[in-house]
Protein chains: 2
Amino acid sequence: MATRTDAPTRREQILKEAARLFAERGFHGVGVDEIGAAVGISGPGLYRHFPGKDAMLAELLIGISDSLLTGAKRRLAEAGEETGPGVVLDSFIEGHIDFALDDRPLITLHDRELDRLRDADRKMVRQLQRQYVELWVGVLREVYPALAEPAARSAVHSVFGLLNSTPHLGRPGSLPGRAVTASLLHRMARGAFAAVGEE
Amino acid sequence: MATRTDAPTRREQILKEAARLFAERGFHGVGVDEIGAAVGISGPGLYRHFPGKDAMLAELLIGISDSLLTGAKRRLAEAGEETGPGVVLDSFIEGHIDFALDDRPLITLHDRELDRLRDADRKMVRQLQRQYVELWVGVLREVYPALAEPAARSAVHSVFGLLNSTPHLGRPGSLPGRAVTASLLHRMARGAFAAVGEE
DNA sequence: CCTTCAGGTTAACGAGCGCTAACCCCCCTG
DNA sequence: CAGGGGGGTTAGCGCTCGTTAACCTGAAGG
């Protein structure tokens, strides 16, 4: 099943560099010439791979939202019938942390540049995000049945804020090690949920 | 002591509208003409009040960082000797939540547009932010003496992420009421800290 | 009553942007 | 060996942006 150990295609290079630049300086703050330069070609050469700058952002944001949602669905399915909802919640948290730690530019773009999208693309991203949130809300309310739905939704958004804070934790070197950071974030997320769920 | 029930000056109007627009569409996504239109004057009229667009952003960001820091210092001083560190931590959390709920555009700008500043201004903001974080870290480690400093700093940043998530909680109408939201955020913050401090 | 000045106006400039046009070159295939 | 297309190049267009210049106006002060 050729699990893509291949060299990255030019398209993928472009997307990766564009994500980094957009995250660093904002969508409007980056010119196509810079994106081109980052992959070794110059400016208008990008238009052989994308119809425009907007399309790069759209593909990035849809890709992120989709892969978060897909990952969560898979984790929910893998849990099966016997495992408790607490295990699923932990799995959700773990997946989100992996994403936040491994794809920091994408996590940044995800809640920062959404409004720069064309209407149709933005609707698509919003819908994927909403589904993702609903999965979390469902599992959270299984773990804490006393939790009302609006409170659960707010709690989920807040924990996303907590988990997505990794870009602010200093440059990748200053972190106390990936595993340690992941564990810290995980415990804080569970603690935050517990504080609002057990009452 | 004339607590400023006066009408807002033109400068203040401009800053407020600029903050809203920058938060909505990003610094580079807003033109000076739009900012002018938002306060009823047109484009270049702004230059009677500010030397340039950058200066507006700089004044906003420095103002935010300074008032967060000043507020925290005041709360620390007010606590006096007898009150425990837990009370101070609660006071910090409460102050930050007030800010996040009442000045949502500013909180958004605060961690989103910092890199658009001139070097000198950015350094100033960073220094204020660092001092603010250090106050939190100090109090947090008094509450949880077992907590190592790097972990404490990460925890503080993460809780900022949690508290600053309010802009994502839907438009001001859909929130379950300010007091309820504030209480929810407060409990989650304490829960997150507790989960990493008690061990 | 004349002056001054704060706080506006419109016109216009220069730079930078996203994007298109026109061209080129190499590699692959029949 | 012809030719065709994928993937580049540079030149340049049209637009928008931040900023400046030049001008105007109404109210306050001597």
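Naming: A, B, ... by sequence-line order, numbering from 1 per chain. Bear in mind that the values here come from a model prediction, so they are computed numbers and not experimental data.
The only member of A:Val159, A:Leu140, A:Leu147 that meets side-chain contact (heavy atoms from CB on, under 4.5 Å) when paired with A:Val196 is A:Leu147.
Two residues are said to be in side-chain contact when any heavy atoms from C-beta on lie closer than 4.5 Å; A:Leu114 and A:Arg126 meet this criterion.
Remark: A:Arg153 engages A:Glu149 in a salt bridge, criterion side-chain N to carboxylate O under 4.0 Å.
Using a 4.0 Å cut-off on heavy atoms, the residues of residues 47-57 of chain B that approach DNA chain D are B:Tyr47, B:Arg48, B:Gly52, B:Lys53, listed by number.
Rounding to the nearest 0.5 angstrom, the gap separating the CG atom in A:Asp66 from the CD atom in A:Gln127 is 11.0 Å. For the atom pair A:His49 NE2 and A:Thr9 OG1, the distance stands at 8.5 Å (nearest 0.5 Å).
Here chain A contacts DNA chain D (any atom closer than 4.0 Å to a heavy atom, that is under 4.0 Å), and the contacts span D:dG7 to D:dA11 from 5' to 3'. Of all nucleotides in DNA chain C, those with any atom nearer than 4.0 Å to a heavy atom of chain B start and finish, going 5' to 3', at C:dG7 to C:dA11.
Looking at heavy-atom distances under 4.0 Å, B:Val30 makes contact with sugar-phosphate atoms alone, never a base. Among the protein residues, A:Gly31 comes within range of the sugar-phosphate backbone only, with heavy atoms under 4.0 Å from sugar or phosphate atoms but none that close to a base.
Contacts of B:Arg122 classified as side chain to side chain donor-acceptor pair (under 3.5 Å), with partners at least two apart in sequence or in another chain: B:Asp119.
Taking the ring axis of A:Phe22 as reference, the NZ or CZ atom of A:Lys53 does not stay both within 45° of it and closer than 6.0 Å to the ring centre.
By the 30° and 60° cut-offs, the orientation of the rings of B:Tyr132 relative to B:Phe160 is parallel.
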Compile the donor-acceptor pairs under 3.5 Å between side chains in residues 36-43 of chain A and protein atoms, sequence neighbours left out, one pair per line.
none

Can you give each donor-acceptor pair under 3.5 Å made by side-chain atoms of residues 183-195 of chain A, sequence neighbours left out, with the distance rounded to 0.1 Å?
{"unit_1": "A:Ser183", "atom_1": "OG", "unit_2": "A:Arg187", "atom_2": "NH1", "d": "2.7"}
{"unit_1": "A:His186", "atom_1": "NE2", "unit_2": "A:Asp90", "atom_2": "OD1", "d": "2.8"}
{"unit_1": "A:Arg190", "atom_1": "NH1", "unit_2": "A:Gly86", "atom_2": "O", "d": "3.4"}
{"unit_1": "A:Arg190", "atom_1": "NH1", "unit_2": "A:Asp90", "atom_2": "OD1", "d": "3.0"}
{"unit_1": "A:Arg190", "atom_1": "NH1", "unit_2": "A:Asp90", "atom_2": "OD2", "d": "3.3"}

